[in-house]
Q: 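This is the structure I have questions about; it appears just below.
On a predicted model such as this, the values are computed, not experimentally measured, just so you know. Order of the sequence lines sets the chain letters (A, B, ...), proteins ahead of strands, with each chain counted from 1.
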Amino acid sequence: MTEIPSAYDPKAVEGAIFASWMEGGYFSAKIVEGVQPYSVAIPPPNVTGSLHMGHALNNTIQDVVIRRSRMAGVPTLWVVGTDHAGIATQNKVEQKLHDEGKSRHDLGREAFVAACWEWKALYGGTIIGQLKAMGCSCDYDNERFTMDASYAKAVRKVFVDWFDAGLVYRGKRIINWCPRCSTALSDIEVEHEDVDSHLWHLRYPLKEPVGGVDHVVVATTRPETMLGDTCIAVHPDDERYSALVGAIVVLPLVGREIPIVADEYVDPSFGTGAVKVTPAHDVNDFEIGERHACAKINIMNADATISAEGGAYAGLERYEARKRVLADLEALGALVKTDEHVHSVGHCYRCHTVIEPWLSDQWFVDMKPLAEPAIEAVRDGRTTFHPKRWENVYYHWMENIRDWCISRQLWWGHRIPVFYCDDCGEVVASMEDLTACPKCGSSNVRQDEDVLDTWFSSQLWPFATLGWPEETPELAYFYPTNVLSTARDILFLWVARMVVSGMYFNDAQVPFEDVIIHPTVFNAEGRRMSKSLGTGVDPLDLMEHYGADGMRFGLMLQVTGNQDIKFAEDKLLSSRNFANKIWNASRFVMMNLDGYTPGAPVAETVADRWILSRLANLSARVDEGLATYEFGETARALYDFFWNEFCDWYIELSKSRLNGGDSEQRLGVQRILVFVLDQALRLLHPMMPFVTEAIWRNLPLSDDDTAPSLMIASWPEYATLSRFADPGAEASIDRLIEIVVGVRAVRARYQIPRKRALDIAIRTTGDAEKQWVDDEFGRMAALAGVGDFEVGTDIAKPAHSATVIASGVEIYIPLEGLVDFEAEAVRLSNERERVAIELERLSKKLSNEGFLAKAAPEIVEKDRARADELTDQLALIKAQLAELA
RNA sequence: GGGCGAUUAGCUCAGGGGGAGAGCGCUUCCUUCACACGGAAGAAGUCGUAGGUUCAAAUCCUACAUCGCCCACCA
């Protein structure tokens, strides 16, 4: 076994191991009737995407729960695939065309869509390959895409069903228009940002003076929209303006005569208390316009240039128009003043262009009735969020939900299955393309030009990927899924809508039981990771440096209930080192297996009982941690057990028995080593699949324990391991550790060379302790560099010796000729000070009536014992000081 | 305007009523036959501020401060 390299090299093993998993077909899930399955639908990455830190974190989380479930013997499915990502993909392809000097209009719709498919075929698989590099155990044989033929059928059915139920409707509304993407967006696709701007005060003359007043001043942040003003609004109770209500204003630059109306919406304390109303360019203005029957004049084109309605300003880009309007108003003396003003401006979530509120015909989903059952499902716990506080965020949004604008003026996407008859005016949604009007029979029918919001199709992901609307066995078996893990930024865009549609189309069954909202990964400076800003970290680079396991485990260490992670690369470094530690501990075990035969572990020493007890404890903590999705704590528990307990103590303790013992002793310790290593590798596998698999396949296990791959080996059952729980052994080893650490500290303090064995004396408080030292200490002596030792209840402390105190024993280490006694006296004085302070604090507490009366008895008892211990220590230190003096 | 999160060692963060923890970094020693991606020993914190509850507060409550995030029709 000496041919095993002494450093773990991820690159040398990951590829081959992943290939063997694929070959073994372990990623596919088989339906086993009568057995409850486990399933997860991956948040489908965009076809345009490449792996970023959010994916790395989120997919590690999912792979951890998936791998654990699979090992537990449960039929386990992780559905994988990609999203067609309407705007993002269309933008990419348009950019490519642009580079070739063409636009999508040069190609025409059909050719453009073909170009998108071509692009997808070329680049769409990138991110799937990267998931494989991470070791994600998805069902790659059944990869889905949100524009697959079967998926398209699901999308179409949802639209048609909701249309027929009156839940989808068409309306002329103010929507969010991105002039660059040239499409409508839903409200939650708009990102609001505070922008330093101005509040311009404009003077509008009255047609005829009223009571000596000949004008009104309005305040606006978007002066160019004045070209579309159709009334002025004031608050009905605002006495400053009450005489003016009903008066007519002549709009400067335009000349249009518009009325002053009274409307409750107006806040008299803001600006001048008079609002210019542009119903075609502002949501509130639209509503005011509706209430007062004002015209809605659209003064802007789709590309945010001024339309013909803008008269002299027609054709100007919106901000150029703003400048010109302001300049012209100023020339007229109509620009009264310009205040500094910070206000929130909407930007496109895809291209960050400033959104224009714009009046147009769009399709909407009536969300209110759909949201109700989805709210209820979370209230009654059928779906639970982790951490739970996200449920409040969900409720707040769902309870105040507004209609969802689902039409997009794009070419890449699911085309809206609505057909218009130009003869009789019939409008129908249809599962099949229509060539004739179902009402009048006319062949003069045409399909709606728009496509659906990408999120309209992704909301169906958990069930459309399982074959819905067909009643497939997969849908019947794997729906609802168990866990959905995602970032908080798509809670509304995606998660909430999946609950809505999932319940509506699956007999009110929620799409997933648990929702994990994982922390958002920020860079070390706490800023958003962004490729374009160069503030990102590439997971592929990280895997290059730390291995897939190092990256995965390093990320898991950072997952806590917090909402953000400031990415800490040092955790990946220690995780890479951890993988190497696992590798080398395993290497040690395998290099010491001469004469080994597989067999059940039988504890022969306290150390054996201790490590088995700690293993049982680890199993409980890992189960608990994964069940509650506390990945950080779970990772730490695994790390602490393997490194600090198994490697630092058990393996070190095993060495004397492996080297010095008889063959029976050797076999005993070998079996414990192999057993604990095997179980630990299983527990580690979900987080570190590669290194654990690479080692595990070479472990000489008995036939009962073996499997072709660790991936499908059995998960350690706490119910089985719990019999190893052994508090007595834990206390015993704790004491041994205390002694060894104490002796080592003495050695380090006086720089006693490690080759020089220390002969020590041990005084015990009783015969039981003496027996314990005789039985157990010898096994540990080597770890402390102890040579000979004598033990007894009546051992006298040798002159000039250091003392180590542990429960029930005092260790004396003669220092004659080794130590600077003056320095030791100084150290002891400091120690005396520290102990005295702690003892004083405890004594005060123990003489407090309230404490004695009200504190839990075991707490009082613990403090008493501690105080006794400190008293003894203090006496000893004093005695030693007296000796040195 | 409403809501949420954070504030603990130089850095990144765990912990969560009763003896302040980890990783990285730092100091000293050790190339000992699993591992220098290692071993051993150490230094280092008034647990954001001010009140309150409690026998007992880093932990619970209330304010406040600072940073960050989300929501909202802030002309």
Q: By the salt bridge (Lys or Arg N to Asp or Glu O under 4.0 Å) test, which pairs, at least two apart or in different chains, include something from residues 558-578 of chain A?
A: A:Arg488-A:Asp564
Q: Mind checking salt bridge (Lys or Arg N to Asp or Glu O under 4.0 Å) for A:Glu399 and listing every partner two or more places apart, or none if nothing turns up?
A: A:Arg379
Q: Provide a list of protein-nucleic acid N or O atom pairs under 3.5 angstrom, restricted to nucleotides 6-11 of chain B.
A:
none

Q: Could you check how far CZ of A:Phe588 sits from C1' of B:U32, rounded to whole Å?
A: 13 Å
Q: Find the distance A:Asp489:CG to B:G68:C1' and express it as a whole number of Å.
A: 15 Å
Q: What interatomic distance, in whole Å, is found between P of B:U46 and the corresponding atom of B:U8?
A: 12 Å
Q: Can you name the ring pair (Phe, Tyr, Trp, His ring centres under 6.0 Å) partners of A:Tyr8, sequence neighbours left out?
A: A:Trp583
Q: Between A:Phe522 and A:Phe567, is the ring centroid distance below 6.0 Å?
A: no
Q: Regarding A:Lys581 and the six-membered ring of A:Phe642, is the cationic atom NZ or CZ under 6.0 Å from the ring centre and inside 45° of its axis?
A: no
Q: What integer number of Å spans the C1' atoms of B:A9 and B:A43?
A: 11 Å
Q: If I pick the C1' atom on B:C47 and the same atom on B:C60, what distance separates them, to the nearest angstrom?
A: 15 Å
Q: Got a donor-acceptor contact below 3.5 angstrom from the A:His347 side chain to the A:Val345 backbone?
A: yes
Q: Answer yes if the side chains of A:Asn584 and A:Arg587 hold a donor-acceptor pair under 3.5 Å, and no otherwise.
A: yes
Q: Heavy-atom nearest nucleotide on RNA chain B for A:Phe567 versus A:Asp863: which residue maps closer to 5'?
A: A:Phe567
Q: Decide whether A:Lys276 and A:Thr278 meet the rule of one side-chain donor and one side-chain acceptor closer than 3.5 Å.
A: yes
Q: Between atom NE2 in A:His396 and atom P in B:C71, what is the gap in whole Å?
A: 11 Å
Q: For RNA chain B, determine which residues of residues 269-277 of chain A have any heavy atom closer than 4.0 angstrom to one of its atoms, and list them numerically.
A: A:Phe270, A:Gly273, A:Ala274, A:Val275
Q: For B:G17 and B:C29, measure between their C1' atoms and round to the nearest Å.
A: 41 Å
Q: Once you round it to whole Å, what is the distance between C1' of B:A57 and CZ of A:Phe851?
A: 14 Å
Q: Expected output check: what is the dot-bracket annotation of RNA chain B, where ( ) and [ ] are pairs inside the strand (brackets for crossing ones), | is paired with another strand, and pairs are Watson-Crick or G-U under 3.5 Å?
A: (((((((..((((....[..)))).(((((.......))))).....(((((..]....))))))))))))....
Q: With distance as the sole test, does A:Arg666 use its side chain to make a donor-acceptor pair with the main-chain N or O of A:Arg657 at under 3.5 Å?
A: no
Q: Using a heavy-atom cut-off of under 4.0 Å over every strand shown, decide if A:Lys655 touches base, sugar-phosphate, or nothing.
A: base
Q: Salt bridge (Lys or Arg N to Asp or Glu O under 4.0 Å): which pairs involve residues 263-274 of chain A, sequence neighbours left out?
A: A:Asp263-A:Arg291
Q: Would the base of B:A22 count as contacting A:Glu633 through its side chain, where contact means a donor and an acceptor less than 3.5 Å apart?
A: no
Q: Starting the side chain at C-beta, find the nucleotide from B:C74, B:A34, B:G18 nearest to A:Ser344.
A: B:C74
Q: Are the side chain of A:Arg528 and the backbone of A:Val521 linked by a donor-acceptor contact shorter than 3.5 Å?
A: no
Q: Does A:Gln558 use its side chain to pair, donor to acceptor, with the backbone of A:Ala568 at less than 3.5 Å?
A: yes
Q: Provide the distance between the two P atoms, one in B:A58 and one in B:G18, to the nearest whole Å.
A: 10 Å
Q: With RNA chain B as reference, determine whether A:Arg222 or A:Asp187 sits nearer its 5' end, using the nearest nucleotide of each.
A: A:Asp187
Q: Taking salt bridge (Lys or Arg N to Asp or Glu O under 4.0 Å) as the test, write out the residues that go with A:Glu189, two or more places apart.
A: A:Arg408
Q: Whole angstrom is fine here: how far is it from CD1 in A:Ile565 over to P in B:G68?
A: 19 Å
Q: Starting from C1' on B:C4, measure out to CG on A:Asn392 and report it in whole angstrom.
A: 9 Å
Q: On a whole-Å scale, what distance lies between the C1' atoms belonging to B:A57 and B:G51?
A: 13 Å
Q: Could you measure between the two P atoms, the one in B:G39 and the one in B:C71, and give it in whole Å?
A: 47 Å
Q: Expressed in angstrom and rounded to an integer, what is the separation of A:Met551 atom CE from B:G23 atom P?
A: 23 Å
Q: Under 4.0 angstrom, heavy atoms only, what part of the nucleic acid is A:Arg841 near: base, sugar-phosphate, or nothing?
A: nothing
Q: The side chain of A:Lys571 is closest to which nucleotide in this list: B:C4, B:A22, B:C35?
A: B:A22
Q: Salt bridge (Lys or Arg N to Asp or Glu O under 4.0 Å) with A:Arg735: which residues, sequence neighbours excluded?
A: none
Q: Could you pull out the protein-nucleic contacts involving nucleotides 36-41 of chain B (nitrogen or oxygen on both sides, under 3.5 Å)?
A:
{"residue": "B:C37", "atom": "O4'", "partner": "A:Arg576", "partner atom": "NH2", "Å": "3.0"}
{"residue": "B:C37", "atom": "O4'", "partner": "A:Asn577", "partner atom": "OD1", "Å": "2.9"}
{"residue": "B:C37", "atom": "O2'", "partner": "A:Asn580", "partner atom": "ND2", "Å": "2.8"}
{"residue": "B:C37", "atom": "O2", "partner": "A:Arg576", "partner atom": "O", "Å": "3.4"}
{"residue": "B:G38", "atom": "OP1", "partner": "A:Asn577", "partner atom": "ND2", "Å": "3.2"}
{"residue": "B:G38", "atom": "O3'", "partner": "A:Lys581", "partner atom": "NZ", "Å": "3.1"}
{"residue": "B:G39", "atom": "OP1", "partner": "A:Lys581", "partner atom": "NZ", "Å": "2.9"}
{"residue": "B:G39", "atom": "OP1", "partner": "A:Trp643", "partner atom": "NE1", "Å": "2.5"}

Q: Report which part of the nucleic acid A:Glu525 touches: base, sugar-phosphate, or nothing (heavy-atom distance under 4.0 Å, all strands).
A: nothing
Q: My understanding is that only residues two or more places apart in sequence, or in another chain, count here; which of them pass salt bridge (Lys or Arg N to Asp or Glu O under 4.0 Å) with A:Glu14?
A: none
Q: Got a sec, which pairs hit salt bridge (Lys or Arg N to Asp or Glu O under 4.0 Å) with one end in residues 546-558 of chain A, sequence neighbours left out?
A: A:Asp63-A:Arg552
Q: Could you check how far OH of A:Tyr639 sits from C1' of B:C13, rounded to whole Å?
A: 14 Å
Q: Counting heavy atoms from C-beta on, name the nucleotide in B:A34, B:A75, B:U12 closest to the side chain of A:Val266.
A: B:A75
Q: Given the P atoms of B:U31 and B:G23, what is the spacing between them in whole Å?
A: 24 Å
Q: Contact class for A:Arg528 vs. all strands (heavy atom < 4.0 Å): base, sugar-phosphate, or nothing?
A: nothing
